[in-house]
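Below you'll find the structure, written out as structure tokens, and then a few comments.
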Amino acid sequence: MNDSTDRPVRTRYAPSPTGPQHIGGIRSALFGWLYARRHGGQFILRIEDTDQKRSVPGSLEQILEAFDWLGMDIDEGPAQGGDFGPYIQSERLPLYRKWADWLVERGYAYKCFATAEELAAMRGAGAGYDRRYRGLPAAQVADLEAQGRLFVIRFKMPLTGKTSGQDMIRGSMSFDNSALQDAVLLKSDGFPTYHLAHIVDDYHMQISHVSRAVEWLPSFPLHLQIWDAFAWRKPQFAHLPVLLNPNGKGKLSKRKERFVDGGGKAVPVLAHEFMDAGFLPAAVMNFLTNIGWNYGDNQEIFSTAQAAKRFDLKDVNPANSAYPIAKLEWLNNQYIQTAEADYLARALKPILEEAGFNVDDDRLRQLVPSLRVRLKTLNDVLPMAGFFFADWASFEAPVADILVQRKMDRAGTVEILRGALPALEQLDGDFKPDEQHAAMAAYARNCGYKNGQVFGSLRAAVSGQKVSPPTFDTMAILGKAESTRRIKLAIDALSRELA
RNA sequence: GGCCCCUUCGUCUAGCGGCCUAGGAUGCCACCCUUUCAAGGUGGAGACACGGGUUCGAGUCCCGUAGGGGCUACCA
């Protein structure tokens, strides 16, 4: 087998257009993409829609959207064009037919007239296709064809011997030919199967490295044999490990029921679910790159550009991985903490707006610094800070359960709030957080309550929530007038209940 | 069932024969900081699946077993 790498690196992602993009597929694509970027090569997108039954309209758009969101740029493909198109297999049908015929003419493949019933009977007997049409005399073949019998073209797999090849991840591999069937190359509807189509295309598109999921490993020897029948220069192969469900049981699938993490949140599996859940594309890329491969230097956080300087298919871990989704939330928070303020504000705005809030840009920008450290996902902004964007005029004091802190009672809370009011009103109009802090700390000392009790009561009074950005940041953004108004509202509410 | 691949802390991983009394990260626990929640800091519990070889020496190489995953379609 030809292992030389003295040719331009061209890798590809060749999904079937079956709808939403699965994160497992995206990760496979990522590895091919990184390899191309590492070597200054091309990354090609090819749509494998040879199963008409499974094709779903709009798939290409979803694929493109996912790649665009993640920042994986495509050099050639259905949308980008290129010198080796078309990049959609259903538009290349004559090519597959031509090469299928070529194989038949040279005795590497044959026409098989087995009917669905025959095949079902063979399967029922426990074995696969028994090659009953493999040695049919030419005259009989012609006769069957003349009768209008439907046929497929099957590859004439060697019956004995071994086929060996190199896998970039696993090294030398050898397979017994006797275990392989005479695979269908061209279906009776004139469409090729994956086995034929991907080889014809990888050859014509000058793909140098084929990286694909491990489920293709059993048919690797078949593919090697087909490449050899054509006498085409083979690419190098890397059979990528796959993602398993978070519990390690079974391949991660979009068809199975959704997994739920410890906190009851749905585990994102489809590309659009990562967008919808408020993850940053950079974090998702970092996350995916770290499964089955690692940057080295004990460094967990790195950019795609950094990864592209070190990535090699040879270094990919051969073992499948449970989907480590818990790490993504941590990573996402790390990225949010260091993201540009403008970028964050822009990302947060539509989330707030979709929730029905009227977003003031200045206010949002003001909020970002105190928010970023506590957002695991962008969507967390809603429960944390949505109240800033609600209609302030219609704010109502929260219920006592929220107002009264741990180790506090109603009377004490009222006492704290009443005492805090004049001290806050004394401050100047800027209402700076550190000035509030100084004033309230001094007040706490005098009134005999702890800082936490004072600050916490204020937080609940002004935000209406138990959890919020830092109390004094919150009050600074609300402003002195609104803050004190809300404190009075809280006092009134609690007093009423006491009376 | 047959064939193929895989196997280091719960999880993601480092390790490519001696540097390993096995390193990092996440998650978990504790403490510190503290203005809730976080973040941050410090510390802790936590793994070479098992059994045989090979070797002066094995997490690292070989074989077997077990477990996991996959393929076994006119799906990819």
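Proteins come first, then strands; the chains are lettered A, B, ... in the order of their sequence lines, and each starts at number 1.
- Within a 6.0 Å radius of CD in A:Glu340, other residues, nucleotides and ligands contribute 12 heavy atoms or fewer.
- In this structure, the CG atom of A:Asn177 is 18 Å from the P atom of B:U72, given to the nearest Å.
- Taking only side-chain atoms of A:Trp330, from C-beta outward, the nucleotide of B:U35, B:A39, B:G27 with the closest atom is B:G27.
- Note on A:Arg123: every side-chain N or O is 4.0 Å or more away from OP1 and OP2 of B:A73.
- Protein atom CG of A:Asn286 is 11 Å distant from nucleotide atom C1' of B:A25, rounded to whole Å.
- Atom name P, nucleotides B:G23 and B:C48: the rounded distance is 13 Å, in whole Å.
- A:Asp49 and A:Ser90 share a donor-acceptor pair across their side chains, judged by distance under 3.5 Å alone.
- Which of B:C74, B:U35, B:C75 sits closest to the side chain of A:Phe472 comes down to B:U35.
- Protein atom CE of A:Met475 is 13 Å distant from nucleotide atom C1' of B:U36, rounded to whole Å.
- Using modelled atom types and a 3.5 Å distance limit, the side chains of A:Gln166 and A:Ser172 yield a donor-acceptor pair.
- Across every strand in view, B:U26 sits in a pair with B:G10 that passes the Watson-Crick or G-U test at under 3.5 angstrom.
- Between A:Arg46 and A:Asp201, at least one side-chain nitrogen of the basic residue sits less than 4.0 Å from a carboxylate oxygen of the acidic one, meeting the salt-bridge criterion.
- Remark: B:U65 base-pairs with B:A49; criterion is Watson-Crick or G-U wobble with both hydrogen-bond distances under 3.5 Å.
- The side chain of A:Met384 has B:C37 as its nearest neighbour among B:C75, B:G69, B:C37.
- Looking at the side chain of A:Gln334, the nearest of the listed nucleotides B:A39, B:C3, B:C75 is B:A39.
- The pairing partner recorded for B:C75 is none, the criterion being a Watson-Crick or G-U wobble arrangement whose two distances lie under 3.5 angstrom.
- Side-chain contact annotation: A:His239 with A:Arg170, donor-acceptor N/O pair under 3.5 Å absent.
- Across the protein-nucleic acid pair, A:Leu371 atom CG and B:A39 atom C1' stand 13 Å apart, rounded to whole Å.
- Here B:U36 sits opposite no nucleotide as a Watson-Crick or G-U wobble pair (both hydrogen-bonding atom distances under 3.5 Å).
- If A:Ala179 and A:Ala116 are placed on RNA chain B by their nearest nucleotide, the residue sitting closer to the 5' end is A:Ala179.
- Comparing A:Ser468 and A:Asp189 along RNA chain B, the residue whose closest nucleotide (by nearest heavy atom) sits nearer the 5' end is A:Ser468.
- The partner of B:C20, taking Watson-Crick or G-U wobble pairs whose two distances both stay under 3.5 Å, does not exist in any strand shown.
- Remark: A:Arg418 pairs with no residue by the salt bridge (Lys or Arg N to Asp or Glu O under 4.0 Å) rule, at least two apart or across chains.
- Nucleotides B:G43 and B:G24, compared at atom P, are 10 Å apart to the nearest Å.
- The distance between atom CG of A:Asp297 and atom P of B:G15, rounded to the nearest whole Å, is 11 Å.
- Nearest nucleotide to the A:Glu215 side chain, out of B:C74, B:G70, B:A38: B:G70.
- Closest to the A:Gln181 side chain, of the nucleotides B:U72, B:C74, B:C75, is B:U72.
- Using atom P as the reference point in both B:A73 and B:G15, the two lie 39 Å apart (nearest Å).
- Taking atom C1' in both B:C20 and B:U8, one finds a spacing of 12 Å when rounded to whole Å.
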Protein-to-nucleotide contact annotation, 5' to 3' order, nucleotides 4-14 of chain B [B base; S sugar-phosphate only; - none; under 4.0 Å, heavy atom]:
-SSS---SBSS
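- A:Arg154 forms a cation-pi arrangement with A:Tyr129, by the criterion of a distance under 6.0 Å to the ring centre and an angle within 45° of the ring axis.
- Only the P atoms considered, B:U7 is 12 Å distant from B:C12, to the nearest whole Å.
- Aromatic ring pairs are classed by plane angle as parallel below 30°, tilted from 30° to 60° and perpendicular above 60°; the pair A:His437 and A:Phe455 is tilted.
- Considering only side-chain N and O atoms, A:Lys187 lies under 4.0 angstrom from the phosphate OP1 or OP2 of B:C75.
- The distance from atom CG of A:Asn332 to atom C1' of B:A38 is 15 Å, rounded to the nearest whole Å.
- Annotation: B:A39 and B:G18 have their C1' atoms spaced 43 Å apart (nearest Å).
- Near RNA chain B, meaning a heavy atom under 4.0 Å from it, residues 443-459 of chain A has A:Asn451, A:Phe455, A:Arg459 in order of number.
- Not a single donor-acceptor contact under 3.5 angstrom links the side-chain atoms of A:Thr193 to the base of B:C74.
- Looking at A:Gln405 and A:Ser457, their side chains never bring a donor and an acceptor atom within 3.5 Å of each other.
- With hydrogens and angles left out, the side-chain atoms of A:Gln62 and A:Gln21 include no donor and acceptor closer than 3.5 Å.
- To the nearest 0.5 Å, atoms OG (A:Ser219) and CG (A:Leu224) are separated by 10.5 Å.
- Taking atom P in both B:A22 and B:U35, one finds a spacing of 40 Å when rounded to whole Å.
- Minimum atom distance to the side chain of A:Lys376 is reached by B:A39, of the listed B:U35, B:G69, B:A39.
- For the P atom pair drawn from B:C74 and B:C16, the interatomic distance equals 46 Å after rounding to whole Å.
- The side-chain heavy atoms of A:Pro17 and A:Val56, taken from C-beta on, include no pair separated by under 4.5 Å.
- Partner assigned to B:G59 is none, using Watson-Crick or G-U wobble distances below 3.5 angstrom.
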